Chemist: 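Please read through the structure below; I'll follow up with questions.
None of the values given here were measured: they were computed from a predicted structure. Labels below follow one simple rule: chain letters A, B, ... track the order of the sequence lines, proteins then strands, and each chain is numbered from 1.
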There are 2 protein chains.
Amino acid sequence: MKIIEGGVTAAKGFMASGVEAGIKYENRKDMALVFTEKPAAAAGTFTTNAVKAAPVLWDQQIISKGAPVHAVVLNSGIANACTGAQGKEYNAGMAEAVAEACSVKTEEVLTASTGVIGMQLRMEPIRKGAVLLKEALSDKREAAKAAAEAIMTTDTAPKECAAVFEAQGREVHVGGMSKGSGMIHPNMATMLSVITTDARIGGGLLQETLRDVVGDTFNMISVDRDTSTNDTCLVLANGMSGVPEIKKGTKEYDDFKEALFAVARELAKQMAGDGEGCTKLLEVTVKHAAAVEEAKILSRSVISSNLVKAAVFGCDANWGRILCALGYSGASFDPERVDLYYRSEYGEIQVVKDGMDAAYSEEEATKILSSEKVAVTVDMKQGEAEATAWGCDLTYDYVKINGDYRS
Amino acid sequence: MKIIEGGVTAAKGFMASGVEAGIKYENRKDMALVFTEKPAAAAGTFTTNAVKAAPVLWDQQIISKGAPVHAVVLNSGIANACTGAQGKEYNAGMAEAVAEACSVKTEEVLTASTGVIGMQLRMEPIRKGAVLLKEALSDKREAAKAAAEAIMTTDTAPKECAAVFEAQGREVHVGGMSKGSGMIHPNMATMLSVITTDARIGGGLLQETLRDVVGDTFNMISVDRDTSTNDTCLVLANGMSGVPEIKKGTKEYDDFKEALFAVARELAKQMAGDGEGCTKLLEVTVKHAAAVEEAKILSRSVISSNLVKAAVFGCDANWGRILCALGYSGASFDPERVDLYYRSEYGEIQVVKDGMDAAYSEEEATKILSSEKVAVTVDMKQGEAEATAWGCDLTYDYVKINGDYRS
């Protein structure tokens with residue numbers, strides 16, 4: 001398996017487009033389409049928030065039926081959450097407009113929205129956008145990028161990744177896109193991600209695989225501990241690689257899962273590293289924990305702490321806040337065995353030994369923390385389990401962006 | 001019952017002092033003492049963080065024995081957390097120094113510390129401070145204030161409150177002090193609070209009463225969702241009001257609990273309103289919830305949300321973030337029944353009706369949100385339960401304070 005340049009059009013038979021529909025703002029791409037001529041098996045994971053956006057409810061219904069799909073239409077600017085019956089109607093209208101333009105059935109079109117909560121979509125730009133999207137569809141690299149750009153809100157860069165592996169002498173591709181970058185604390189999925197693959201795989205197995213992968217990737221990032229109303233991760237598999245159906249327990253399945261994992265993890269890291277207002281990607285690995293679930297809880301607690309995030313912003317090796325965040329995570333452990341290290345391209349330093357100050361150089365630690373990618377390793381010295389979570393620093397710009405997001 | 005001017009010396013027989021011991025900084029009060037000549041029944045609630053500071057472990061042991069106590073010594077600057085066996089020794093040394101100075105037993109002295117994690121106390125200033133504290137002891141109003149000032153870290157004002165009620169023709173007092181103002185998301189107690197009373201009440205009943213009261217007061221505030229390693233709330237009852245022992249099920253008990261509740265709630269509100277860097281106190285009341293526990297979970301989720309807090313800072317009536325925070329709280333409810341109101345001294349406005357936009361005036365909402373005290377009322381329209389939580393806004397100064405706290 002190797003990572004390649006590309007996004008949602010890396011897999012054979014997938015086309016994409018991104019256009020300016022004028023959903024909420026002028027002069028920016030705000031509607032995206034991912035399309036496959038050949039019907040695709042689809043899997044999805046969605047927000048666990050009790051307040052679910054209209055497109056989330058729509059997709060859950062379609063995915064649960066297990067029927068193949070042809071398209072995913074996405075818009076930015078308006079989240080279509082807290083919009084009642086009217087919002088559900090508008091969402092169905094969005095699917096219908098795309099279905100008409102692309103000559104497929106409405107129930108073969110998945111939807112996703114991101115933006116302000118509580119505002120209704122207007123159907124005129126949506127209908128206009130659907131036609132533009134159909135016209136712009138292409139399997140080119142640029143088309144994937146246009147789609148990735150069209151789903152951005154406060155993101156500062158589009159997020160894409162693709163991977164390829166060989167099976168039975170043929171290439172199988174997995175490619176995806178996603179968007180952040182606030183209200184990010186995914187639980188079951190992340191704020192809008194679409195992954196495509198030309199592998200042939202049954203919907204049930206695809207769903208099971210996605211759930212596993214999401215648990216170790218998108219669900220391990222946090223920007224602000226706010227689990228969105230719209231979190232959606234979709235995978236479409238159209239089988240066009242020509243490789244026969246991938247079954248569980250085969251080398252092909254392991255390779256496919258590895259590729260899906262690699263793409264999802266890279267997209268997740270891109271989202272964490274582009275968290276609202278952030279200046280640094282923070283990677284926290286908890287190793288030698290008693291169990292994987294504990295390692296996950298511990299690492300997520302650290303990347304979610306405002307105090308840890310602010311200290312990372314200030315390049316302050318204030319490790320007491322990390323110990324504190326481990327301590328209130330809910331996982332049980334012996335605080336007096338914990339070792340802790342900071343690492344970046346500027347070096348590595350141990351700051352805690354057996355739960356206490358390791359008599360390190362503050363100057364050296366500050367230097368290491370001045371990197372744009374800071375890694376923390378926590379050694380629990382308890383067992384064999386390990387997990388990694390990704391977050392970002394808390395900055396003035398986070399406050400600025402979110403003190404004045406709607407205007 | 002009425003609230004009166006005062007702090008930990010409001011109750012008869014309690015003396016206090018606050019002095020400059022030079023724990024970490026020069027020229028600021030950093031050591032406090034609360035003392036009662038007559039031994040007092042003591043109760044305490046403590047952090048649930050798995051990483052517990054040395055003074056927390058010390059107090060838990062003393063309180064669990066049920067023996068009477070004479071004093072609480074507190075220091076700011078160094079938290080004495082993550083300090084191992086040496087830290088425990090230094091903490092015992094702090095209790096011992098005060099015991100010697102005040103001619104009581106070491107195990108009759110409770111301790112509390114707040115400040116930087118991972119740094120060892122130095123015993124020289126502690127010993128010097130113990131003597132100064134003893135010399136400065138007084139039952140005057142100013143002495144209580146000096147003690148409240150000495151436990152401040154990033155607090156901008158001391159936090160005190162007192163109440164009085166009448167029982168059998170005599171006055172019974174409850175007075176307390178506390179400190180915030182970061183790493184505040186108490187779970188079982190709050191970051192250092194000492195409450196004194198001249199009521200006579202058994203240790204067991206006092207503990208039970210405190211636990212109840214803390215659950216509705218200190219445990220309902222949050223500044224940054226970080227549960228500290230040092231959270232401690234202590235109550236000392238020396239019986240000097242002259243009123244016979246207060247028993248459960250009597251009017252005297254109800255009055256006592258009401259007074260304790262009033263003092264604890266006021267101290268909790270003062271802490272929330274003085275959260276690090278904050279400009280506003282945010283009060284969130286969830287009413288007509290299915291159960292009290294649900295109402296608590298819902299209200300706490302809203303005051304803990306970074307996105308809600310940043311919107312409040314920006315006077316932005318972005319109610320979608322409140323619905324979102326209700327949704328991911330873990331409580332189950334029907335999002336399409338929720339009503340939501342903002343209120344301050346500038347008026348009241350309904351912004352959500354049945355889970356959707358109530359077509360309100362943004363201008364009016366912004367005006368209401370420009371107050372220093374903003375109240376949000378969420379009507380779940382499900383049952384009869386209600387709960388209130390207190391928090392604050394998320395500001396540039398929070399990031400500033402915590403990006404550079406140790407230097």
Side-chain angles (χ1 to χ4, degrees), chain A residues 47-52 79 81-84 87 116-120 182-183 185 187 224-229 304-307 310-311 313-314 316 318-321 323-329 331-333 335-336 352 354-357 394-396 398-407, chain B residues 47-52 79 81-84 87 116-120 182-183 185 187 224-229 304-307 310-311 313-314 316 318-321 323-329 331-333 335-336 352 354-357 394-396 398-407:
Chain A
T47 186
T48 52
N49 197 311
V51 179
K52 289 177 173 60
C82 303
T83 46
V116 174
I117 294 173
M119 192 179 278
Q120 295 288 359
M183 218 177 254
H185 186 76
N187 197 346
D224 47 19
R225 270 206 264 209
D226 281 276
T227 302
S228 156
T229 50
S304 299
S305 159
N306 274 354
L307 287 170
F313 171 58
D316 180 2
N318 201 332
W319 57 263
R321 294 179 179 171
L323 271 276
C324 180
L326 295 169
Y328 65 67
S329 66
S332 64
F333 64 94
E336 302 198 347
V352 177
D354 297 331
M356 290 170 62
D357 194 299
L394 176 64
T395 69
Y396 299 117
Y398 179 87
V399 177
K400 187 173 163 63
I401 290 165
N402 288 302
D404 196 26
Y405 170 52
R406 295 191 312 168
S407 56
Chain B
T47 186
T48 52
N49 196 312
V51 179
K52 288 178 173 60
C82 303
T83 47
V116 175
I117 294 173
M119 194 178 276
Q120 295 289 358
M183 217 176 255
H185 187 76
N187 196 346
D224 46 21
R225 264 206 269 209
D226 281 275
T227 302
S228 157
T229 50
S304 300
S305 159
N306 274 354
L307 288 169
F313 170 59
D316 180 2
N318 200 333
W319 58 264
R321 295 180 178 170
L323 272 276
C324 180
L326 295 169
Y328 65 67
S329 67
S332 62
F333 64 95
E336 302 197 348
V352 177
D354 298 329
M356 290 171 61
D357 195 297
L394 176 64
T395 69
Y396 299 118
Y398 178 86
V399 178
K400 187 171 161 62
I401 290 166
N402 289 301
D404 196 25
Y405 170 52
R406 295 192 313 167
S407 55

Chemist: Taking side chain as everything from C-beta outward and backbone as N, CA, C, O, which of these in A/T229 sits under 4.5 Å from a heavy atom of chain B? Side chain, backbone, both or neither.
Modeler: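 Contact with chain B involves both backbone and side-chain atoms of A/T229.
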
Chemist: If we define contacts as heavy-atom pairs under 4.5 Å, which of A/C82, A/G314, A/G320, A/P335 has the most with chain B?
Modeler: A/C82

Chemist: Side chain of A/D226, backbone of B/S305: donor and acceptor closer than 3.5 Å?
Modeler: no

Chemist: For residues A/N402 and B/N306, determine if any side-chain heavy atom of one lies less than 4.5 Å from a side-chain heavy atom of the other.
Modeler: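 Not in contact.
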
Chemist: Taking B/D357, B/D354, B/L326, B/T395 one by one, which has the highest count of heavy-atom pairs under 4.5 Å against chain A?
Modeler: B/T395

Chemist: Give, as side chain, backbone, both or neither, the part of A/Y396 having an atom under 4.5 angstrom from any heavy atom of chain B.
Modeler: both

Chemist: Mind ranking B/A79, B/A325, B/S304, B/G355 by heavy-atom pairs under 4.5 Å with chain A and telling me who comes out on top?
Modeler: B/G355

Chemist: Hey, are the side chains of A/V399 and B/V399 touching, using non-hydrogen atoms and a 4.5 Å cut-off?
Modeler: yes

Chemist: Can you tell me which portion of A/S228 sits under 4.5 Å from chain B's heavy atoms? Options are side chain, backbone, both or neither.
Modeler: backbone

Chemist: Using non-hydrogen atoms only, which part of A/A81 is less than 4.5 Å away from chain B: side chain, backbone, both, or neither?
Modeler: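 Neither; nothing under 4.5 Å.
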
Chemist: Under 4.5 Å, counting heavy-atom pairs only, tell me which of A/S332, A/G84, A/G87 racks up the most with chain B.
Modeler: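 Heavy-atom pair counts peak at A/G84.
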
Chemist: Could you tell me whether the side chain of B/T47 reaches within less than 4.5 Å of the side chain of A/Y328, counting heavy atoms only?
Modeler: no

Chemist: Just give me the residue among A/C324, A/A331, A/G118 that pairs up with chain B most often, heavy atom to heavy atom, under 4.5 Å.
Modeler: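 Maximum pair count with chain B is reached by A/C324.
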
